[in-house]
Amino acid sequence: MVINLKKMSAEQDLLAPGHRLCAGCAESIVVRQVLHAVGQPVVVASPTGCLEVATSPYPYTSWRVPWIHSAFENVASTISGVETMYRSLVKQGKMEDKGIKFVVFAGDGATYDIGLQFLSGALERGHKFLYVCLNNEAYMNTGIQRSSATPLGAWTTTSPVGTAIPGKRENRKDITAIVAAHDIPYVAQAAPHAWRDLITKAQKAIAADGPSFINVLAPCQRGWRYPPEETIAISRLAVETCVWPIYEVVDGEWKLNYRPSPKKPITDWLQSQGRFRHLLTSENRHIVDALQEIVDQQWAKLLERCRV
Amino acid sequence: MVSPKVRGKPVALDGDRAVAEAIRQMSPDVVAAYPITPQTEIVMRFSEFVANGEVDTEFIPVESEHAAMSACIGASAAGGRAQTATAGAGLAFMWEVLWVASGTRLPIVMHVVNRSLSAPLNIHCDHSDSMGARDAGWIQLYDETVQEAYDNAIQALRIAEHPDVMLPTLHAMDGFILGHGLERLELLPDDAVREFVGVYKPEHSLLDVDHPVTYGPMELTDYFFEHKRQQAAAMERALEIIPQIGEEYGMLTGRYYGLMEGYRLEDAEFATVALGSTAGTIKTVVDELRDQGVKAGLLKLRCFRPFPATTVAEALGDKKAIAVLDRSLSFGAQCGPLFLEVITALFTHGFSPKVLNYAYGLGGRDIVPAQIHQVYKDLIDIDREGLAGPSLRYLGLRE
Ligand SMILES: Cc1ncc(C[n+]2csc(CCOP(=O)(O)OP(=O)(O)O)c2C)c(N)n1
Ligand code: SF4
Ligand SMILES: [Mg+2]
């Protein structure tokens with residue numbers, strides 16, 4: 001699978017410009033990269049969230065490919081239905097096999113929280129589709145509420161920084177490992193600054209014989225509180241600090257895709273975004289230490305899994 | 001009436017199995033379903049058809065009813081036929097996406113086996129589940145017998161897919177009473193069903209990759225209301241389409257279907273209105289009362305959504321007294337949902353007969369002829385003496 005940037009840049013984006021996502025939003029960057037990798041014919045599904053509302057305000061649509069939104073929690077079931085109908089019609093000779101591919105773009109809320117059961121069911125049943133999580137670590141569409149992807153200590157509007165409680169009290173869960181535990185053929189973590197890595201992963205994922213999943217960090221300038229032009233730098237920093245390691249699990253084999261050297265301290269990450277500003281005071285030092293410890297532990301566990 | 005075009009095969013089946021046969025014969029492209037008593041038999045039986053290669057259908061053994069309806073939404077939007085079956089809590093769990101199915105104008109067919117809603121947990125029949133979905137934009141038919149469950153299952157598909165309708169359609173049979181009740185019915189030959197349901201050619205499809213369509217967009221204050229009005233208009237058109245399809249089905253089978261069935265209703269002075277299997281019990285009582293010289297009659301409503309207001313008002317307007325039997329409660333309301341519709345229809349058509357509302361049969365409580373006799377006695381009493389006591393009464397309740 002070769003990536004020809006020149007050729008790719010000449011291709012038409014399957015997500016048209018003119019959508020209503022914020023300036024600097026990572027979601028459109030990820031969607032465009034993944035769809036370049038996947039190519040046509042493709043059918044896309046999205047749950048409720050920033051991407052959905054910003055790309056489908058009737059009577060306009062930004063989607064140059066068939067696209068469906070049903071509800072917030074059920075995108076995995078919706079795509080299960082679409083994919084199954086395709087198999088059924090082809091099997092019965094009611095339509096020709098055009099090699100249609102099926103891709104989901106879903107927020108972390110739709111993936112980690114309200115849609116987890118639906119996702120797990122679809123993975124277990126083995127529908128052939130690529131599920132891309134656009135992980136901005138909160139419910140952005142409804143105004144920056146915590147999700148189970150929100151890291152410890154982060155400010156959100158439902159984990160506000162109060163006089164009694166300094167931001168989110170729980171750490172995020174590791175959905176990528178949870179998905180990998182479904183033993184599907186392809187699982188990965190990626191980030192948009194590493195575009196070649198992401199595109200390669202999308203190509204591998206869509207070629208897999210079964211469900212595939214890519215958890216892509218999607219920095220959100222509104223919710224994370226940083227200037228819009230820094231999205232790509234923030235993405236890189238997440239990987240350099242090991243806050244967001246990029247790796248893949250191919251047929252059960254864990255493989256690290258990038259090892260930062262030197263590994264940057266968590267404080268670099270925290271300083272880059274307003275959502276962590278309150279942590280950089282002496283009384284919240286213990287939270288910073290706890291975050292560093294979590295990152296270190298999880299990084300060590302990942303290295304072990306990847307046998308490096 | 002002309003003689004039917006095909007001869008059915010007489011069999012003895014319970015409602016669940018009869019519906020499973022109907023689904024097999026319709027052979028939808030996708031079925032997504034989840035087991036729940038008293039619908040489980042349908043899923044089990046259909047799984048056997050799939051396992052034995054007796055259907056072309058792809059079966060999605062989803063992890064929940066919400067997923068079942070969500071998968072049907074995806075499958076239907078992808079341009080083929082999608083069906084599911086559920087009951088009680090399963091239907092309630094689907095509630096949000098029932099609206100997505102109808103708002104997206106997807107002609108999904110759902111077989112409902114009525115079951116009460118928890119708490120307390122109860123697996124038996126009442127209509128709380130389908131009445132809870134009454135405003136969700138689905139066409140709702142009710143079955144009196146296992147034969148009707150089978151017949152309505154097949155007609156539901158044609159109604160849903162009619163180009164003037166394009167609305168999801170459900171038919172509901174009383175849990176256990178019909179679902180597990182063994183009755184004699186006639187099954188059509190497979191090819192007769194295939195011919196009756198024909199080939200589905202949707203105007204749009206997600207899988208038509210050369211003509212990309214956006215399904216389920218966001219609509220705000222500018223367009224949403226107009227699209228809801230279109231859904232209401234489709235319901236209005238369905239009032240004409242449903243009897244047309246019932247007529248066509250009658251030509252094929254000898255069993256004709258309309259929006260309602262009047263039983264000794266035309267010259268009746270005292271009428272009851274009911275949905276589902278209770279109509280059968282009422283018919284027996286009507287016959288007994290007629291033998292005694294009481295002009296009793298029944299309006300069995302087949303189609304609850306859309307509600308055939310004019311048909312109902314015209315059938316009931318001249319009655320001395322009417323009792324509406326509701327197999328569900330709307331807590332805090334003045335009456336049950338069926339009563340509300342019937343009264344509104346009468347009032348808006350200029351009729352004001354004496355009326356009573358009965359809540360009955362919740363959680364599968366038996367409804368027996370003696371209770372129906374009591375209802376007609378009450379009607380005769382209020383006709384003579386005027387309405388005394390509450391208009392909402394409880395039938396078969398230990399008080
Ligand atoms: C059943 C249901 N609950 C809640 C909502 C409100 N809601 C819509 S989008 C959303 C959050 C989306 O968050 P995420 O999936 O992370 O996507 P993002 O907007 O952050 O990209 C919420 C809570 C809803 N639409 N449906
Ligand atoms: S709020 Fe965040 S995720 Fe949503 S459009 Fe804006 S930048 Fe993107
Ligand atoms: Mg989010």
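In what follows, chains carry the letters A, B, and so on, assigned in the order in which the sequence lines appear, proteins first and then strands, with residues in each chain numbered from 1.
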Around [X], counting heavy atoms of other residues, nucleotides and ligands shown, do more than 12 lie under 6.0 Å from its [atom1]?
| X | atom1 | answer |
| --- | --- | --- |
| A/R222 | CZ | no |
| B/D190 | CG | yes |
| B/E226 | CD | yes |
| B/E195 | CD | no |

Any side-chain heavy-atom pair of [X] and [Y] under 4.5 Å:
| X | Y | answer |
| --- | --- | --- |
| B/Y223 | A/P59 | yes |
| B/E63 | A/R125 | yes |
| B/M218 | A/T48 | no |

If you count heavy-atom pairs under 4.5 Å with chain A, which of B/V100, B/D210, B/L206 comes out on top? B/L206
If you count heavy-atom pairs within less than 4.5 Å of chain A, which of B/A78, B/A75, B/S76 leads? B/A75
So does [Y] get a backbone contact from the side chain of [X], meaning a donor-acceptor N/O pair under 3.5 Å?
| X | Y | answer |
| --- | --- | --- |
| A/H69 | B/P217 | no |
| A/S88 | B/D29 | yes |
| A/S77 | B/A71 | no |

Locate the shortest heavy-atom distance separating [X] from [Y]; write the atom from each residue and the value.
| X | Y | answer |
| --- | --- | --- |
| B/D222 | A/Y58 | OD2-O, 4.3 Å |
| B/V209 | A/V42 | CG1-O, 4.4 Å |
| A/W63 | B/T214 | CB-OG1, 4.0 Å |
| A/W67 | B/G216 | CZ3-O, 4.1 Å |
| B/H66 | A/E73 | NE2-OE2, 2.7 Å |

If the test is side chain to side chain contact (heavy atoms under 4.5 Å, CB included), which one of A/V43, A/T61, A/I68, A/T78 qualifies with B/Y215? A/I68
Side chain, backbone, both or neither: which part of [X] has an atom under 4.5 Å from a heavy atom of chain A?
| X | answer |
| --- | --- |
| B/V213 | backbone |
| B/H204 | neither |
| B/S205 | neither |
| B/V30 | both |
| B/A32 | neither |

Engaged part of [X] at the chain B interface, taking heavy atoms whose separation is under 4.5 Å:
| X | value |
| --- | --- |
| A/I79 | neither |
| A/Q117 | both |
| A/E124 | neither |

Spacing of [X] atom [atom1] and [Y] atom [atom2] [to the nearest 0.5 Å]:
| X | Y | atom1 | atom2 | result |
| --- | --- | --- | --- | --- |
| A/M85 | B/C72 | CE | SG | 8.5 Å |
| A/L89 | B/L207 | CG | CG | 6.5 Å |
| B/E58 | A/Y86 | CD | OH | 13.5 Å |
| B/M94 | A/N74 | CE | CG | 12.0 Å |

List the steps and the verdict of salt bridge (charged side-chain N to carboxylate O under 4.0 Å, His left out) for B/D56 and A/K91. CA-CA 8 Å; B/D56 293 328; A/K91 183 190 75 181; 5.7 Å; no
A/M95 vs B/D208, side chain to side chain contact (heavy atoms under 4.5 Å, CB included): CA-CA, chis, key distance, verdict: CA-CA 10 Å; A/M95 82 175 275; B/D208 183 2; over 6 Å; no
